[in-house]
Each structure stands twice: as C-alpha cells, then as structure tokens.
Amino acid sequence: MFGVYVHVPFCAHRCDYCDFATWTDRAHLIDEYVDACVEDLQRRVANGQPDAASVFFGGGTPSLLEADKLVRILDAIPRTAGAEVTVECNPDSVDAAKFAAYRRGGVTRLSFGVQSMRPHVLAALGRTHDPANVQRAVALARDAGFAHVSIDLIYGTPGETMDDWRATLDSAIALGVDHISAYALTVEPATPLGLAVAAGERPAPDDDDQADKYAFADDTLSAAGFEWYEVSNWALPGHECRHNRCYWDGSEYVGIGAAAHGFTGGRRWWNTRTPERYIARIADGPDAVTGDEVLAPAARVEEAFGLALRTRSGATVGRAAAPVIGQLASAGLLTVEEDRIVLTRPGRLLASDLTARLLLAGAPG
Amino acid sequence: MTALDHIRCLSIIAHIDHGKSTLADRLLELTGAVSARDMRAQYLDSMDLERERGITIKAQNVRLEYKGFVINLIDTPGHVDFGYEVSRSLAACEGVILLVDASQGIEAQTLANCYQAMEHDLTIVAALNKIDLPAAEPERRAAEIERVLGIPAEELLHISAKTGEGVAELLDAVIERIPAPKGDVDAPTQALIFDSYYDPYRGVVSAVRVFNGALRSGAKLRYVQARQDHDAEEIGVRLPVPTPVATLGPGEVGYLVAGIKEVGQAKVGETVTDANRPASALEGYRDPKPMVFCGLYPVEGDDYADLRDALEKLRLNDSSVTYDPETSGALGFGFRCGFLGLLHMEIVRERLEREYDLALVATAPNVEYRVVRLDGSVEVIDNPSSMPPLNEVTAIEEPYVTVILLTPTDYVGTLMELSQQRRGVLDKMEYLSEDRVELVYLLPLGEIVTDFFDQMKSRTRGYASLDYEPAGYRASDLVKVDVLLNNTPVDAFSAIVHRDKAYDYGRKMTQKLRELIPRQLFDVPIQAAVGGRIVARETVKAKRKDVLAKCYGGDITRKRKLLERQKEGKRRMKQIGSVEVPQEAFVAALRLDE
C-alpha cells in the first residue's frame, strides 16, 4: 500500500495545546501554496510515484481551503481504484456546497476535530466551536453522501470530569460516525498550554485520570460496537482508516506540503517547516526536503516492533524474550496469540514502557 | 645546632576564623622569613581544600629567627576529628599562643585544645585578636578567658593580626614566657614525628621534633613503633622554604625524608631513634582508630577498580582512613570506609571525587557497635547490615562521647532541647560570662554523626561551637531498622537507631523513597521493619499510563528517539528484586541534609 499525506498549514484560530506546523496569519499564501503542492506532486509523479491507495489531507485545517483548491491538489495524485481520501475538517468551516464539491472531486472520508462536546472543556483547550456545529457538520456530511466519517476526541483535560467525558462519548456515538480517535491530552512544551503548565498557572493532566478515562472510553465504545485497532483508534468493523494502517505496517508514503513527513526507500524524510520556505524551495526545485535519516537494519526492526505493538494485530516475537513475555502476560498486560503478542487494555496504556522492556529482552521475532 | 636556651617551640591554638593563618602570615613577615613580595594569604595552608574551607587539615611547621632566637612554629590541625594529631603537635611544644577573636570569644574547640595544652604542662600566652574591629569586646572576652582558664586578664595581649598591631609584643612575650626546651645532646636520640605526608617524588616527608641526641643526615634511623630502620636521606628545616641541614639537635624542629613509601610506616606519634644506639619510645603514641564509617560506592559500577586505586593512593597519605571491600545488593561493589570523624569523612570523599575524578554514593554514616552474643562473645560491627538478629544478642553497646558546647546564653534552651532529643545527658553547665555558657553533655556518638553539628549551627545561627572526646562504650536499647522494597530488604538503607527513634527513621525513609522511586508496572510497598515488625509503610502506586497518544507520520521518528532514551534509562536502573530504582534515588535518599 502506498499513501500520500498533504499538509495544510493554515488555521482560523490556534488551539492552546497544538504544536503542529500551522499558522493563523498566512491565508494570503494559500494560492501559492496550493500551486507548490501541485508542482511537488507533478515532479514526484514524473519520477515514478506509484498510485496511492490512500490520501490524507491533514493540518492545520484543510477545510479552510476552498474546495476547488483542495480538489486541484487531489487531482494531481494518481490513485488506485477505490482509494481512500480523507479530509480533516473543522466543524465550523464546512457547508453543504463544500462537501458536495469534495464528493465530486473524489474525497471518500471526513474527519472532524471535535475534541469535546462540553463547552467548558473546549474553552480549557482554547477551542472556539459550538458543540451544536458538530451535529450540523456530521449531518451535512451524511447528506452529501459520505459513508465514512471520523471524529477526534481529547480526554483528560484538567477540569474535565468523568461525567463530562461520558457526555462527550455518548454524543459522539449518537452522531452515528464509523470511526473515533480518542487522544489523551498531551502537554507539548512550546504551546500556550505547555507554557502555562510550566509556569504553574494551569494544572498538568493527571496520568491516573487519563488512564481511567481511557478505560471508560474503551468500555463505552466497545459497547457501541466499535473495536480498538490502535492505542488511540476505534472503528466499526471494517471501517478502520486505511491511511493510518500505512503508518503502522511499514508501508511507504510521501509527505506533500510544509513540515510533512515521508517514508520511502527505507528513508524517513521531512519537508521544510514554514509555508513560505516550502513555496520557495519548490520554486527552486527539486523538492522541499530539509532533513532525513536512513535507519540501520536493527533500528528498523525495533521501530517496526514498537509501531506494530500499538495495534490490534500486535507484533511478532521470537523465543528470546519468552520469560519477560510470560511475566507481562501473567501481569495481564499482554496476550500471546501464537507467534504474536497483543497488548491488553492496561498494556496499551503502558505501550512505551513495555516496548522498551521487550526490546531490551530481544523480543522482535 | 642552636643552643637550647635560644629555642622556643610553640603552637597557635585558635578557632576557625579567629585569625591563626593571618597571624602566621604576620610572623613570617615580621621575622623576615617571607618577603612581602612573596607573601600570599594563608601561606602555610597548602591544600586547596584547606584554603577553601579556611581550616588547616595537615599540620605545617616553620622555623623563624627573631632577635637571635629560633622560634619553631608548629601548626595544629584545626578540627575535632584530629584530636590525636593535635595532642602530638602539642607534645612537640613547650608553650602555645592562645588566639581568641575579641568579638567572638573563646570557642569550644579552642577550649578543648587549651585543656590539652594544660595537661601537657604547656605555657599559654593568650592574645585577643581583631581588636581593630568595632565589634571587639576585649574586656568581656578577657574576663571569660580568666574565668574558664584562669589566665589573668592583665596578662592577655591585644593584637590585630591583620594590621600587625601588637604582633611584635606577642613575639617578645613568647620568648620571655615560654620555657626553653630541655634535652641532652649526648643521650640516645629521640625524635617525635608529629606529622607525615606523602610526596610523590620523595616519598614520606615527616615533621619531627628532636628531644634528645641528634638526627644526622645519612644516619641509620630506627622507627620504633613501625619496627623498621631507614636511612635519613635528607634532614632539613622549613624557613619556610625547605632547606637541608646536616644535623637537628635537641629542641629543634624540622623535616625528615627517609625513603619511606607510605605514611603508615611513619605515623604521627612515632619515635625516631638511632638504629645503632636505640632509645625507648616517647610516651603518648596511639594508633588513631576510625570512629565513623560509611560505605563508598562508585555511581558507575565500572569505576570500582578506579575507586580501589584511589583509596590505595589516598592511604599513602592518610593512614587513618581504613577501607575494606564490601558488596551491597543495592549499590553493587564498594568499600566500607572508616574515618576519624565526620569532617574527615567529608574531606576524604571530596578528595576522592576531586583528585581522582570519581562520582561516589556514600551510605549514611554510622559508628562501630559492640554486640554481645548469647554465648557472651563480643562482635564489633561497623555496618548495620551485619547486625545479627536481636534474639541472638544480649546487649548492643555504642560509643559515647563527652561533648563540650559553648554558646551565647540565648541559645541554651534550644541546645538543651537538641541534646536531649539526641539522648544526651547533661553533665555540667557553667556560665563563662553573663552572656556565654559552657554545656557538657554525654552523648552517643551515633547521634552526633548524623546532623548534630548542622542542627547546632542552624539553631544558634552559627554562634555555638562544639568539641568532643571519646567516653567509652555503653549498652543502649538499639535496634536495626530494615527498609524493604517490595518485601526485599535494601541493605544500603538499613540503620541502627535507638528503639524510640526507629519509627521516626522508618517513616522518614519510607516517605523519602516513595517520592524518589518512579512508579513501576505494579504497586511497590516500601516498608520499614524492626525485627520483622513493620513500623512504617508507604506505597508507590503502579504506573498506569506511559504511552504516546499520537503516532502518525511525523511522530514516528520522535517516538523512536524517545524509545532509545527509555531503553537507556532502563539499562541504568538498579534492580532491587523486581523493582527498578534509578541510581539518583539512592544518592538522594542517602543525603543527610533533608
């Protein structure tokens, strides 16, 4: 499977927790930026880029682009029949016309940044949308004929009670979407939230609270027919996001646009971070790559192991780590399925620790 | 050789900061021993550590010439840990200058050293220093000295070592009042070693005072206590620049180099005589015994061999340090080391870290216990983890010390409270003046080696001083407190404490560890136990979340770097049973000052 990620680094408003490459004051660059993305793609296609089985427009706020501009970029990406094409949307910046244009242009899947359905939690995250917009946006999506709609949620925001989280999950399920990603709020240092936490002005999220909410989410979503397929992702059976899988199963993908990452030919690489520089680099040709690393075989094995262990498929293991695996299994942190290990719910919450432990024990098989 | 009646041998007794080194500087200048051009502050303090801490660790000596007299100035170590060395320095003197800060007044250690000087029948020439300072109260301080030492106030000299005022008069008084040495140049040679240090190029260099006979360059010398003979390679005097001489006669002080490779062969208190015509040993030799013990471990296990080498080298220069290999389940391979006292311990540790570039973990210091077994046999224990179970023991004895505390009257209450908390028994309380008090307590040494000194200083804002001397062993109701991590005892945290304090120690240690030990995959109970009974318990709750929320395109590289760090962190953990403890947690838990 081959994927294309397109980064749209523009937002109407920046959320307090966000450390992505995105800007609120560069809308005047949009036309040049779209041109640069198209140019970047055309050169790559001319150099033999394979047909994409999945395309993902992320951001930033891709839905901030006028639909025809987004479709112009999409048109530059040769795709396999039945390719998955996802666009991340802000519930505030969508309407029926935009969705209809997306559909005509080949978009198959929408992903809404919802985060919470409780206004005080949204305020604590520095988000502005009205939860009612979410219902409206999802209804518009369905009306436009989108069978695949995903929403992103954030849990464990300081000030969010378990009742708040329950209300958010219940509303999310009631939306009738087929895919839900739920992320523990993570404090990144160079964000308004990170600075406030470091200065002691705002509390940091609590690990135990987040662990409780994760368990609650897993129970609630399972009861509603969703199945986890990665630490932070749940879907109705058969509705997993194809693009996500390509990150975790070692497939190749290219990154288009500012700060986008790609993985091709055993090499991880990333584009220059700002839209101005991206535009300038593409004008100078041949590409906008600013850094890369070629993984040694051992590092590749370890990376693949760590990624696989986060998924429902689990990771294959050899004999070397049998004692450690036995201990972790009896502690209820993983299950052994033939030559694979799969993390249990408590194990998923400890995936980083367990990965390090298993790698030190020589687990990859 | 100088005629006996034209020699004076003396020490300066003074508290830290009372101006001893500055006075020594003035004497060097006044007698022309060091020109003003070559002068640097605290000329005789040679170790970096000494200058930094403003104290003298190793005694230096210098020969001054003044008005036709030879004045041998013998420096004494300035700290309670080095009481034996002080006594040997005093044994080389006929008198002392007692130097007291005219604003601070006499301090405990000075007093203790003065008492020692009196026991040696030395003449005391007392001087109040720093009389140029506005805070000086010479009359009051003189009255105190008269009261406590019986030295008439009118005999006291008033000087300023800083400006030089009164220093010449002080030298005159020294010549006039301190008796000339006695000795017989024709008798068999007896010379006292009062200091030895190791010089990497010359071997051991000893400071000596001749009592009878003469030391001659090239002669075959006998070291009486060490039972060894060595050739006198070089004999000399310090002017203060070392200057070889052919002979040192009675009453003379100088240095001796005899091709000796470690100071343990030329210990302080040793008698040097002529191998062909040996005399008996001088009185007062003692093998200084370590009083305080701790385990020293390299932070990095790989540094064990380096630590061993460093200790070996250090011992060439300081025979009072003892060390034996020991193994700790928690800390790995290290050494159980013995020291003369707390300062000595700190100095040795600092020298090992500084001069040998080692990072060390030190266990909490402890004293040496005498354990009486059921069959009446006595075992000496210098490591809490070797304490036998209480039901195999009839008594545990611990060393006591007599502690002299001198304090402004305002702090008597708080010092009495501190001493009582530390199981002290008041022996004596005496007013030196209306605002200063001498308290004498009998205290277990084990209570002093923790943080008594720091507590005393902080409770009295630095105004109190203390000195102590051994007062034998006594039976106490002592117990061993074990600290268990996930039901596994951790030897490095065991302590022997009085039964009444076991709970307190256990509670503090378990609380501290709860904060220091990172959460694990399971709940970790931390318990303190006395003889199998749990006296305190804390729990490090199981870690429940350690996972990246997002792991998409750009997160993958970041995740792998995080994973590398996490693996490295796990490698550096010490495994106690199934609990992973970072090395830093041991260092922090064993730190005394919290």
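Please read all numbers here as calculations on a predicted model, not as lab measurements. A, B, ... follow the sequence lines: proteins, then strands. Residue 1 opens every chain.
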Drop me the distance from A:Leu359's CG to B:Gln566's CD, to the nearest 0.5 angstrom. 10.0 Å
Assess whether atom CZ of B:Phe333 is packed by more than 12 heavy atoms of other residues, nucleotides or ligands within 6.0 Å. no
Test salt bridge (Lys or Arg N to Asp or Glu O under 4.0 Å) on A:Glu303 and B:Lys561 and set out the steps. CA-CA 10 Å; A:Glu303 183 186 86; B:Lys561 284 177 181 154; over 6 Å; no
Heavy atoms of other groups near A:Phe216 CZ, more than 12 under 6.0 Å: yes
Sort A:Tyr253 into side chain, backbone, both or neither according to what part of it lies under 4.5 angstrom from a heavy atom of chain B. side chain
Residue A:Thr186 versus chain B: region with a heavy atom under 4.5 Å: side chain
Rounding to 0.5 Å, atoms CG (A:Leu354) and CG (B:Leu521) come to a distance of 6.0 Å
Apply salt bridge (Lys or Arg N to Asp or Glu O under 4.0 Å) to A:Asp207 and B:Arg519, showing your working. CA-CA 11 Å; A:Asp207 282 350; B:Arg519 295 171 73 173; 5.2 Å; no
Counting only heavy atoms not in B:Asp357, do more than 12 fall under 6.0 Å of its CG? no
Structural part of A:Leu350 lying under 4.5 Å from a heavy atom of chain B: both
Quick check against the 3.5 Å criterion: does A:Arg310 have a side-chain atom that pairs as donor or acceptor with the backbone of B:Val547? no
Heavy-atom distance under 4.5 Å to chain B: side chain of A:Glu293, backbone, both or neither? side chain
Side chain / backbone / both / neither for A:Phe20 at chain B, heavy atoms under 4.5 Å: side chain
Okay, B:Gln520 and chain A: the region with an atom under 4.5 Å from a heavy atom over there is neither
Side-chain heavy-atom pair A:Arg300, B:Arg560 within 4.5 angstrom cut-off: no
Max heavy-atom pair count under 4.5 Å with chain B, selected residue of A:Phe56, A:Tyr183, A:Trp248: A:Tyr183
Heavy-atom cut-off 4.5 Å, strictly under: side chain, backbone, both or neither for A:Arg348 against chain B? backbone
Roughly how far, to the nearest 0.5 Å, is OG of A:Ser352 from CG of B:Leu563? 7.5 Å
Check A:Ala356 against B:Lys570 and note the closest heavy-atom contact, atom names and distance. CB-CE, 4.0 Å
Rounded to the nearest 0.5 Å, what's the gap from OH on B:Tyr552 to CG on A:Asn233? Could you check? 3.5 Å
Step by step, would you call A:Glu302 with B:Glu564 a side chain to side chain contact (heavy atoms under 4.5 Å, CB included)? CA-CA 10 Å; A:Glu302 297 208 337; B:Glu564 280 309 315; 3.6 Å; yes
Okay, A:Asp212 and chain B: the region with an atom under 4.5 Å from a heavy atom over there is both
Side-chain donor/acceptor of A:Ser232 to backbone N/O of B:Lys550, under 3.5 Å: no
With only heavy atoms counted, which part of B:Arg544 is less than 4.5 Å from chain A, the side chain, the backbone, both or neither? both
Distance (rounded to the nearest 0.5 Å) between B:Lys545 NZ and A:Asp206 CG: 9.5 Å
Under a 4.5 Å heavy-atom cutoff, which of A:Thr355, A:Asp208, A:Val231 has the most pairs with chain B? A:Asp208
Part of A:Ala184 lying under 4.5 Å from any heavy atom of chain B: both
Could you have a look at A:Ile154, A:Leu328, A:Leu295 and say which one has the most heavy-atom pairs with chain B under 4.5 angstrom? A:Leu295
Find the distance between SG (B:Cys551) and CD (A:Glu230) and round it off to the nearest 0.5 Å. 6.5 Å
Under a 4.5 Å heavy-atom cut-off, does chain A meet the side chain of B:Lys559, its backbone, both or neither? side chain
Under 4.5 Å, heavy atom to heavy atom, which residues of residues 263-273 of chain A contact chain B? A:Arg268, A:Trp270
